[in-house]
*Asks:* 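Before I ask anything, let me first share the structure, which is written out below as structure tokens.
Start at 1 and go down the list; that is how both ligands and their atoms are numbered. Only a predicted model underlies this, so the values are computations on that prediction, with no experimental measurement involved.
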Amino acid sequence: MTPEFWLNRWERGEIGWHQTEINVHLQAYWPQLDLAPDTQVFVPLCGKSLDMLWLVSRGHRVLGVEISEPAIRSFFQDHELHPQMSDKPPFRRYVVDELEILVGDYFQLTACDLAEVGAVFDRASLIALPPGMRPRYSDQFKAIVPTTATCFLITLDYDQEEMSGPPFAVTDEEVSRLFSDRYRIESLASFDIIDDAPRFRQRGLTALREQVWQLQPREDR
Ligand SMILES: C[S@@+](CC[C@H](N)C(=O)[O-])C[C@H]1O[C@@H](n2cnc3c(N)ncnc32)[C@H](O)[C@@H]1O
């Protein structure tokens, strides 16, 4: 899953993952994290997710990273926002009020870029990556996200034999394998959503589970 793959998806407008409503699990479970309102929230592989605006509306500062510049331009246009743009090599930085988006490669972020981050919201990021890339994603995550930051993660699980990703199936065991060295992993909720996912049923799925996780930094580290 190269950057070109994603850039082409944006160019062709094939962005079936994009939600035109705020994510329901974010609204339902984020308050349980009980974060200070001004906490900066990192949104990896952010696309043009409306969830970033919801987080800002709750008082958070938001830092997104996205490889596609057209996606980010479209995001700001859609919401009639007029960001300041500057170069922050190897990124281009867009800032408007409490929202900052770095256009560039997640794998080029450094701990310095995320120094003020106090929480992470990952929806459709980990599951956008094929199995072979996920350890690299989580290694980079642990290298750049401050050790005290709490993470809110949404995954999908299904029989990978029935459909090819993205989105890819990520099992509970894999979440644990990727993150349990750093985080205490708590399942906040789990839903059978195949009846709400006709698009995936058409692609061959017979069952689909959506899982909401909180990853709490382990105190014993
Ligand atoms: C499945 S989409 C999810 C977008 C967003 N999280 C959402 O909920 O709508 C994955 C996004 O990651 C972006 N992406 C993929 N690889 C990336 C990378 N290495 N660095 C930054 N963004 C990347 C893609 O362009 C795409 O917008």
*Asks:* According to side chain to side chain contact (heavy atoms under 4.5 Å, CB included), who are the partners of Leu7, at least two apart in sequence or on a separate chain?
*Replies:*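 Leu7: side chain to side chain contact (heavy atoms under 4.5 Å, CB included) contacts with Ile67, Ser68.
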*Asks:* Give me the pairs of N or O atoms, one from ligand 1 and one from the protein, that sit under 3.5 Å apart.
*Replies:*
{"from": "ligand 1", "atom 1": "6 (N)", "to": "Leu45", "atom 2": "O", "distance (Å)": "2.9"}
{"from": "ligand 1", "atom 1": "6 (N)", "to": "Arg123", "atom 2": "O", "distance (Å)": "2.7"}
{"from": "ligand 1", "atom 1": "8 (O)", "to": "Arg123", "atom 2": "O", "distance (Å)": "3.3"}
{"from": "ligand 1", "atom 1": "8 (O)", "to": "Arg123", "atom 2": "NH1", "distance (Å)": "2.7"}
{"from": "ligand 1", "atom 1": "9 (O)", "to": "Arg123", "atom 2": "NH1", "distance (Å)": "3.3"}
{"from": "ligand 1", "atom 1": "19 (N)", "to": "Asp105", "atom 2": "OD1", "distance (Å)": "2.8"}
{"from": "ligand 1", "atom 1": "20 (N)", "to": "Tyr106", "atom 2": "N", "distance (Å)": "2.8"}
{"from": "ligand 1", "atom 1": "22 (N)", "to": "Ile67", "atom 2": "N", "distance (Å)": "3.0"}
{"from": "ligand 1", "atom 1": "25 (O)", "to": "Trp10", "atom 2": "NE1", "distance (Å)": "3.1"}
{"from": "ligand 1", "atom 1": "25 (O)", "to": "Glu66", "atom 2": "OE2", "distance (Å)": "2.6"}
{"from": "ligand 1", "atom 1": "27 (O)", "to": "Trp10", "atom 2": "NE1", "distance (Å)": "3.0"}
{"from": "ligand 1", "atom 1": "27 (O)", "to": "Glu66", "atom 2": "OE1", "distance (Å)": "2.8"}
{"from": "ligand 1", "atom 1": "27 (O)", "to": "Glu66", "atom 2": "OE2", "distance (Å)": "3.3"}

*Asks:* Checking Glu4 against Asn8: is there a side-chain donor and acceptor pair closer than 3.5 Å?
*Replies:*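 The answer is no; no qualifying pair exists.
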*Asks:* Just distance, no hydrogens or angles: give the donor-acceptor pairs under 3.5 Å from side chains in residues 160-169, sequence neighbours left out.
*Replies:*
{"from": "Gln160", "atom 1": "OE1", "to": "Ala169", "atom 2": "N", "distance (Å)": "3.0"}
{"from": "Gln160", "atom 1": "NE2", "to": "Tyr158", "atom 2": "OH", "distance (Å)": "3.0"}
{"from": "Gln160", "atom 1": "NE2", "to": "Met163", "atom 2": "O", "distance (Å)": "2.9"}
{"from": "Glu162", "atom 1": "OE1", "to": "Thr206", "atom 2": "N", "distance (Å)": "2.8"}
{"from": "Glu162", "atom 1": "OE1", "to": "Thr206", "atom 2": "OG1", "distance (Å)": "3.1"}
{"from": "Glu162", "atom 1": "OE2", "to": "Thr206", "atom 2": "OG1", "distance (Å)": "2.6"}

*Asks:* Less than 4.0 angstrom from a charged side-chain N to a carboxylate O is my criterion; do Arg58 and Asp38 meet it?
*Replies:*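 Salt bridge flag = no for Asp38 with Arg58.
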*Asks:* Checking Asp105 now: which residues fulfil salt bridge (charged side-chain N to carboxylate O under 4.0 Å, His left out) with it, not counting sequence neighbours?
*Replies:*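 Not a single residue meets the salt bridge (charged side-chain N to carboxylate O under 4.0 Å, His left out) criterion with Asp105.
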*Asks:* Going by atom types only, do Thr155 and Glu210 share a side-chain donor-acceptor pair under 3.5 Å?
*Replies:*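 Side chains of Thr155 and Glu210: no pair found under 3.5 Å.
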